Asker: 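Once you've had a glance at the structure underneath, I'll fire off some questions.
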Protein chains: 2
Amino acid sequence: MDAEAKKSIIDSVQRDELVSLCSKLIQLGGENPPGDTTEIAGYIAELLEMSGFSVKRYEPKKNMVNLVSSIGSGNPSLILCGHLDVFPAGPNWSFDPFSGMAVDGKIFGRGAVDMKAGVAASITAFETLSKYESRIQGRLTLALYSDEESMGFGGAQWMLNNVNEVRGDACLIGEPAGPDIITLAEKGVLWLRFVAEGELAHGAYSGGDNAILKISRLIEALERLKEISGKAPPELKEYMHEQLSFYDKYGLSRMASALNKVWLNCGVIRGGEKVNMVPQRCELEVDIRLPLGISPAYMLERIRETIQWIGSIGIKQEIMFFIEPNYTHPNEKIVEITRNNVAELVGAKPKLFTRLGSTDGKFYRLAGIPTVTYGPDAKTMGTVDEYVRIDELIYTALVHLGVACDFLNLG
Amino acid sequence: MDAEAKKSIIDSVQRDELVSLCSKLIQLGGENPPGDTTEIAGYIAELLEMSGFSVKRYEPKKNMVNLVSSIGSGNPSLILCGHLDVFPAGPNWSFDPFSGMAVDGKIFGRGAVDMKAGVAASITAFETLSKYESRIQGRLTLALYSDEESMGFGGAQWMLNNVNEVRGDACLIGEPAGPDIITLAEKGVLWLRFVAEGELAHGAYSGGDNAILKISRLIEALERLKEISGKAPPELKEYMHEQLSFYDKYGLSRMASALNKVWLNCGVIRGGEKVNMVPQRCELEVDIRLPLGISPAYMLERIRETIQWIGSIGIKQEIMFFIEPNYTHPNEKIVEITRNNVAELVGAKPKLFTRLGSTDGKFYRLAGIPTVTYGPDAKTMGTVDEYVRIDELIYTALVHLGVACDFLNLG
């Protein structure tokens, strides 16, 4: 590897253009639901095409557009991946959530950290390295997906099953975590829909089979499942201890307790038609996150026991989505290279963390592709007044570019 | 009173026409929601007008039509009252819920007992007595309302406030209870909407302020309020004991426990938008029924304590509707006359019961008008495959007619 060449490539990153791209991507929205990314995908495709890249568009679900562009070919191959949709802005913002304004060293707006910054960084790394295409080996692919906030059915999952170009020897995703944090593992996911049925009756006295009461009892019982602990693989134990110490140090007790435990969010409830009718039907959607070592199958068995335990008859369950907890071995080349680049370009000792949430990385890992994330601090992710620090946006672009240089043997 | 004349009037009731009218009224529906009664009200108005009656229509809420027609004038005045809307049919019927078919001594369909039979009986009594108008004193008014299944905002309540003709010295309603049961009291009603608020956040780990969990805890706590007992007025105690013995005898334990206790139905719940988002808002609508002696104000105070007790912050409540428990003194003339007619025409010893549910009678009583109900057995009210026994339909018409003869001093 040519350290001089790498340094000059890294130095060539246009930081003001990066900031302006990130602002623009925030302005282009992409709230999911509904997850319509036609506008932002159209903008990015045009931008890349104006720079001479060939861009392929895939739209497996209407208005959910995925973009793919590559430089080079053959091996090794690295995927820089990101998603274009964002979590809904919701109310109570102090300003327009899609202003994308840059003030005081920060860029504000829904999606700033999750993950318009990561996308802007990956695009910047891709464009910058393309000017040195002749000096790298193998292939660098930029894959920008939709529908990540709804688990990737119209995005990463479909693309990995249908488009060979988005597969590679390793994958780096600009999802937020922190400037000295690389994530290489994710908790598993199990989404369930419970449906309780009762009998239609006047509500004035005929109790005993109220579907809302059944679901309410189920909710209380499900809360106990949060006691279930995971069984982390030996090669990750040291890193998980470090992660726990980190959470403790910063008083992040909720995260500390979620890391190696089952977490459970009752996300949606709908029951009954009229205040004075005994509800015939009540539906509950639950998002369960599984620590490493706890499979969806094991969890389903524990839930079956729970329903039996509360003695509720007439509760049915339906699996909406599931995915195994997943991780990339810390000895993988992509992990080593990313660690080195964070140390070199950010000047920080990188930590290897397990994500509590979920990214498109899960589909890559389960497809056998070693995958890490590196992106800005996640503190404001999904909250009102979300923002990304500009220095962390820049670190993200530099690390993505540096990893690409090293993984593709810049010479 | 001329017993001979009364007997010949009673004997003149056209029983086959009564059965056919009840069938027809079932076929004309009127499910509430939406509570559209234009078709059934149009049919009845035309029927009465064809017989030479003048009929007034009132439509305070769109498509919720109320009909009023009177014979005679001055005092005494008796109101025969009923409602045209029905409880929603719901699924799982063994046959078309609006067939109105008469088979095996029964007429089947949604609303058969609640209360197309009572309405058919009141219309029949009104039409029959009109042929003898010169022989009665005072006024008989037929008042047919809409929107009873939603507490009468577009029906009885509005009519009593706006139309003098529907007021009188007493009121008889053909609501179902049983061929030997007169009801003269009703539990009170308190409808509340609770709204819990949480914070918008990703659902993967940020717990602690989940609006659905708050409401779930509230539901469990509200269940305890069912322990609160009423304080029946002394003049009703004997009848309430009789009612309890009746429930015990027929194994109606739910009704027995509801009679002198608070009852509570969680009717509607709505919370959250997406399975993987912490729900920001969850709404619960609760229908609370208050035994005699328990006022809505007292109940609100107990609910305030309950919310305090579970320590939930961020739960707001809104009163959707309330009405005091209410009763007519057993010494009132309308009670005595109805008892005599049940004994005379049905050959049964009449019981004086308190209703667990609610009828338009509450508005009459709270307007100071002594009110009783007499109608067919309530067993299938609000259930699938609802039906009315034809003999009980006929008893209802005969008793309504007999009460009108006696109350208006047939001579």
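Below, each value reflects all heavy atoms present in this structure, side chains not excepted, and no hydrogens, waters or symmetry copies. Just so you know, these numbers come straight off a predicted model, no measurement behind them. Order of the sequence lines sets the chain letters (A, B, ...), proteins ahead of strands, with each chain counted from 1.
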Asker: Name the member of B:R270, B:E273, B:M320 that forms the most heavy-atom pairs with chain A at distances under 4.5 Å.
Answerer: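 The candidate making the most pairs under 4.5 Å is B:R270.
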Asker: Report yes if some heavy atom in the side chain of A:L259 is under 4.5 Å from a heavy atom in the side chain of A:T354; otherwise report no.
Answerer: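 Side-chain contact under 4.5 Å: yes.
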Asker: Under a 4.5 Å heavy-atom cutoff, which of B:I288, B:I269, B:V189 has the most pairs with chain A?
Answerer: B:I269
Asker: Heavy-atom pairs under 4.5 Å with chain A: which of B:K261, B:E285, B:E223, B:K274 has the most?
Answerer: B:K274
Asker: Got a sec, which residues hit salt bridge (Lys or Arg N to Asp or Glu O under 4.0 Å) with A:R224, two or more places apart in sequence or on another chain?
Answerer: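 None.
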Asker: Tell me, side chain or backbone of B:E283 under 4.5 Å from chain A's heavy atoms, or both, or neither?
Answerer: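 Answer is neither: B:E283 stays 4.5 Å or more from chain A.
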Asker: Quiz question: by atom type and distance under 3.5 Å, do the side chains of B:N32 and B:D147 form a donor-acceptor pair?
Answerer: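 There is such a pair between these side chains.
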Asker: Between B:E318 and B:R193, does any NZ, NE, NH1 or NH2 come within less than 4.0 Å of an OD or OE carboxylate oxygen?
Answerer: yes
